[in-house]
Amino acid sequence: MIRYVEKVIIVEGKTDKKKVQSVVNEPVEIICTNGTLSLSRLDELIDCLYDKEVFILVDADNSGEKLRKQFKREFPEAKHLYIDRMYREVATAPDKHIASVLLQANIHVHTKYLINNINC
């Protein structure tokens with residue numbers, strides 16, 4: 001029997017969520033941490049996500065890395081996605097870069113982010 005695994009992407013803020021929503025082309029739940037998570041909130045989150053495929057996509061800065069370490073420690077089953085450090089923030093990274101990161105995790109993205117502009 002094939003079991004459908006729901007995908008969840010955890011991001012830091014609302015602008016990160018909007019960015020990811022604009023690129024993703026499949027049903028995915030996107031959860032905002034608002035930058036920090038209390039241990040009790042993290043436990044609640046883990047309980048809700050135990051049967052889902054979870055991805056962590058946070059900023060490439062100190063607060064993002066702190067949050068990533070917390071997830072690695074408390075929720076080691078989650079898969080971590082990384083943006084290039086030169087962009088620092090998920091919200092300000094180019095859509096095509098976000099699409100590339102998501103594609104590497106087998107998350108479907110809108111085709112417009114895959115097609116290179118070709119001048120004929």
Side-chain angles (χ1 to χ4, degrees):
M1 181 175 147
I2 297 175
R3 192 178 115 199
Y4 176 75
V5 177
E6 187 176 339
K7 294 178 183 174
V8 176
I9 302 172
I10 298 176
V11 297
E12 288 182 79
K14 291 178 184 177
T15 54
D16 299 335
K17 181 176 180 173
K18 287 179 184 177
K19 169 69 82 169
V20 172
Q21 281 176 323
S22 72
V23 174
V24 170
N25 190 21
E26 70 174 280
V28 175
E29 182 179 357
I30 303 170
I31 298 173
C32 294
T33 66
N34 296 315
T36 59
L37 276 179
S38 67
L39 214 49
S40 61
R41 173 67 178 127
L42 183 59
D43 287 341
E44 287 174 21
L45 203 53
I46 291 169
D47 289 343
C48 294
L49 301 175
Y50 79 96
D51 63 342
K52 299 178 183 180
E53 191 172 6
V54 179
F55 301 90
I56 311 299
L57 178 61
V58 294
D59 295 343
D61 60 10
N62 289 339
S63 63
E65 289 307 314
K66 183 178 178 183
L67 190 58
R68 187 180 297 283
K69 284 179 185 177
Q70 186 177 12
F71 273 107
K72 283 182 177 180
R73 187 173 51 251
E74 303 295 332
F75 194 33
E77 300 84 16
K79 297 174 180 123
H80 291 265
L81 308 178
Y82 297 85
I83 62 166
D84 192 303
R85 290 188 88 52
M86 74 181 201
Y87 299 122
R88 293 188 45 82
E89 298 177 351
V90 172
T92 59
D95 292 345
K96 284 188 177 188
H97 179 67
I98 297 297
S100 172
V101 169
L102 295 172
L103 273 174
Q104 290 174 13
N106 294 318
I107 297 172
H108 298 282
V109 300
H110 291 285
T111 55
K112 68 182 177 180
Y113 300 115
L114 306 177
I115 302 170
N116 291 328
N117 295 332
I118 301 173
N119 294 328
C120 298

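Starting from 1, each residue takes its place in the sequence as its number.
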Nearest 0.5 Å please: distance from the [atom1] atom of [X] over to the [atom2] atom of [Y].
X     : Y     : atom1 : atom2 : answer
Lys72 : Arg68 : NZ    : CZ    : 6.5 Å
Ile10 : Glu29 : CD1   : CD    : 9.0 Å
Glu65 : Tyr82 : CD    : OH    : 6.5 Å
Arg41 : Asn34 : CZ    : CG    : 9.0 Å
Leu45 : Phe75 : CG    : CZ    : 7.5 Å

Practice prompt. Could you please spell out the steps behind the side-chain contact (heavy atoms from CB on, under 4.5 Å) verdict for Leu102 and Val23?
Written response: CA-CA 9 Å; Leu102 295 172; Val23 174; 4.1 Å; yes

Determine whether [X] and [Y] fall in the same hydrophobic cluster, where Ile, Leu, Val, Met, Phe, Trp and Tyr are linked whenever their side-chain heavy atoms lie under 4.5 Å apart.
X      : Y     : result
Leu67  : Ile9  : no
Leu103 : Leu81 : yes
Leu37  : Leu57 : no

Item to complete: Could you please spell out the steps behind the side-chain contact (heavy atoms from CB on, under 4.5 Å) verdict for Val58 and Val90?
Response: CA-CA 7 Å; Val58 294; Val90 172; 5.8 Å; no

Using side-chain heavy atoms (C-beta onward) and a distance below 4.5 Å, is [X] in contact with [Y]?
X      : Y      : result
His108 : Val24  : no
Val28  : Val8   : no
Ile30  : Gln21  : yes
Glu44  : Asp47  : no
Val11  : Ile56  : no
Ile107 : Val101 : no
Ile31  : Leu49  : yes

Item to complete: Dump the intermediate steps for side-chain contact (heavy atoms from CB on, under 4.5 Å) on Leu42 and Phe71, then the final yes or no.
Response: CA-CA 8 Å; Leu42 183 59; Phe71 273 107; 3.5 Å; yes

Closer than 4.0 angstrom, basic N to acidic O: yes or no for [X] and [Y]?
X     : Y     : value
Asp59 : Arg88 : no
Lys17 : Glu12 : no
Glu53 : Lys79 : yes

Discussion item. For the backbone of Tyr87 and the side chain of Asp84, can you confirm whether one donor and one acceptor N or O come within less than 3.5 Å of each other?
Written reply: no

Worksheet entry | Lys96 (side chain) donor-acceptor with Lys112 (main chain) under 3.5 angstrom | no

Item to complete: Show your working on side-chain contact (heavy atoms from CB on, under 4.5 Å) between Ile98 and Lys19 and close with a plain yes or no.
Response: CA-CA 8 Å; Ile98 297 297; Lys19 169 69 82 169; 4.1 Å; yes

For [X] against [Y], the heavy-atom pair lying closest together:
X     : Y     : result
Gly13 : Cys32 : O-SG, 3.4 Å
Pro76 : Glu74 : CD-C, 3.6 Å
Ser22 : Asp95 : OG-OD1, 4.5 Å

